Amino acid sequence: MPRPHVTIAARAARSAGNVILRYMNRIDGLNVVEKQQMDFVSEVDKLAEAEIIKELRRAYPDHAILAEESGAMGKGPMTWVIDPLDGTHNYLRGIPHFSVSIALLEKGVPIHAVVFDPLRDELYTASKGDGAYINDRRMRVSKRENLGGAMIATGFPFRQREHLPAQLDMTRAILGQAEDIRRSGSAALDLAYVAAGRYDGYFEIGLKPWDMAAGVLLVHEAGGRYCDFAGRDGIPASGNIIAGNLNVAKAMVDAIGQQATPALLKA
């Protein structure tokens, strides 16, 4: 049975999903702003985020919030971390792959997580120590023993293009052993797919907390592991993340570690 925090977060994610779907046929008329080079935000991101914050504030008025568009609000040991539309680039181009991501962190450690795919009506949930679920069905990471035959997901560092040569070297190293690599455009869904065993592993450079806070708990509770490029467990302050089942994560650390620059291996 879902924990109350997950129930509230799921309700908030579905409310945001309704906003996202409502505007899908009006994408050409949306107000879009470039926050940074190649990093866009639309009015849908902001409206969806407002729905999430409204639901969370109603249930937990004393909790802090860290939201992608609104920033940090409040202080305390309990913090909701929100990405109202993970995959904005896809959404604005009409590519049907994006999600809502909500996590509750206690002193920086994820304890509850929700990732919602409104198009497929897939709700991924997890609570620390309770396992991970997709639409109330238990999820487990894949059983693959190494990179041989693995399906790996990644993302390219549009915020940090100076790391692109290293990214290509790491991709080459992984692809030399794996079956294939996918780049889908939603970090939260990539991590959810790892938890569901659809992908065997995932790596990316320079993620923000809201990109990964929910997804990493899904992976962990599904029996997997997440770490930085040097193999240090936990949410990486660098944003450089590896996730997968235990065997694939280790193999990815080994392969990526040989190609990553010193800057990418820093904590």
Side-chain angles (χ1 to χ4, degrees), residues 1-24 41-74 76-88 90-91 96-106 109-139 186-193 195-196 208-222:
M1 184 175 179
R3 300 284 188 96
H5 293 85
V6 170
T7 300
I8 297 297
R11 183 186 306 157
R14 288 189 180 279
S15 294
N18 289 337
V19 171
I20 291 166
L21 295 181
R22 191 182 311 139
Y23 282 86
M24 273 201 72
V41 59
S42 74
E43 60 187 296
V44 174
D45 296 70
K46 295 179 179 180
L47 290 169
E49 186 171 284
E51 284 294 315
I52 295 169
I53 292 172
K54 180 177 70 176
E55 292 286 349
L56 297 180
R57 281 277 188 241
R58 181 182 296 141
Y60 304 105
D62 297 330
H63 287 186
I65 288 176
L66 175 61
E68 179 176 11
E69 309 308 336
S70 304
M73 294 171 276
M78 309 295 282
T79 303
W80 291 98
V81 180
I82 303 165
D83 191 335
L85 178 50
D86 187 52
T88 299
N90 284 348
Y91 182 78
H97 193 81
F98 43 80
S99 62
V100 181
S101 178
I102 305 172
L104 179 61
L105 276 59
E106 183 175 20
V109 177
I111 58 172
H112 300 291
V114 167
V115 173
F116 180 50
D117 179 343
L119 280 176
R120 298 174 184 83
D121 194 29
E122 289 185 336
L123 183 71
Y124 303 85
T125 60
S127 292
K128 188 177 180 180
D130 285 353
Y133 299 83
I134 175 173
N135 291 348
D136 298 323
R137 301 191 310 273
R138 185 70 180 262
M139 292 192 299
S186 172
L189 274 184
D190 285 344
L191 288 162
Y193 280 18
K208 299 296 186 181
W210 45 80
D211 296 319
M212 56 183 166
V216 295
L217 183 61
L218 295 175
V219 171
H220 182 268
E221 290 299 318

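Keep in mind that what you see is a predicted model, and the values were worked out from it rather than measured.
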Checking side chain to side chain contact (heavy atoms under 4.5 Å, CB included) for the pair Phe98/Leu119: CA distance, chi angles, key distance, verdict?
CA-CA 8 Å; Phe98 43 80; Leu119 280 176; 3.5 Å; yes
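- The aromatic rings of His5 and His63 sit parallel to each other, their planes meeting at less than 30°, with 60° as the upper class boundary.
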After noting the C-alpha distance and the side-chain angles of Arg3 and His112, does the key distance pass the side chain to side chain contact (heavy atoms under 4.5 Å, CB included) rule?
CA-CA 8 Å; Arg3 300 284 188 96; His112 300 291; 3.8 Å; yes
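- In this structure, the side chain of Glu51 does not engage the main chain of Ser15 through any donor-acceptor pair within 3.5 Å.
- Side chain to side chain, Asp45 and Thr88 meet the donor-acceptor criterion of an N or O pair below 3.5 Å.
- Residues meeting the side-chain contact (heavy atoms from CB on, under 4.5 Å) test with Asn18, sequence neighbours left out: Arg22.
- Glu43 has no carboxylate O lying under 4.0 Å from a charged side-chain N of Lys46, or vice versa, which leaves the two without a salt bridge.
- Here the shortest heavy-atom pairing between Ile102 and Ala13 reads CD1-N, 3.8 Å.
- The two residues Val115 and Ser101 come nearest to each other via the heavy atoms CG2-OG, 4.1 Å.
- Val100 pairs in a side chain to side chain contact (heavy atoms under 4.5 Å, CB included) with only one of the listed residues (Asp86, Asp83, Ile20), which is Ile20.
- Between Leu21 and Pro118 the shortest heavy-atom distance is CD1-O, 3.7 Å.
- Checked for salt-bridge contact, Arg14 and Asp121 meet the test: a charged N lies under 4.0 Å from a carboxylate O.
- Atoms CD1 and OG1, from Ile65 and Thr79 in turn, are 9.0 Å apart once rounded to the nearest 0.5 Å.
- The distance from the CG atom of Leu123 to the CZ atom of Arg137 is 11.0 Å, given to the nearest 0.5 Å.
- Taking both residues in full, the closest heavy atoms of Ala222 and Ala195 are given as CB-O, 3.4 Å, listed atom of the first, atom of the second, then distance.
- Note that CD of Glu221 is 11.5 Å distant from CD1 of Ile111, once rounded to the nearest 0.5 Å.
- Partner of Ser99 under the side chain to side chain contact (heavy atoms under 4.5 Å, CB included) criterion, out of Asp190, Leu191, Leu189: Leu189 alone.
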Passes side chain to side chain contact (heavy atoms under 4.5 Å, CB included), Tyr124 versus Ile134? Steps please.
CA-CA 4 Å; Tyr124 303 85; Ile134 175 173; 3.5 Å; yes
All N/O donor-acceptor pairs, side-chain side in residues 212-219, below 3.5 Å, sequence neighbours left out:
none

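- Trp80 approaches Ala9 most closely through the heavy-atom pair CZ3-CB, 3.9 Å.
- Scanning both residues, Met73 and Ser70, for their nearest heavy atoms gives CE-CB, 3.8 Å.
- The CZ atom of Arg120 sits 12.5 Å away from atom CG of Asn135, with the distance rounded to the nearest 0.5 Å.
- Legend: residues meeting side-chain contact (heavy atoms from CB on, under 4.5 Å) with Ile8, ordered by chain and number and at least two apart, are Arg11, Leu56, Ala59, Tyr60.
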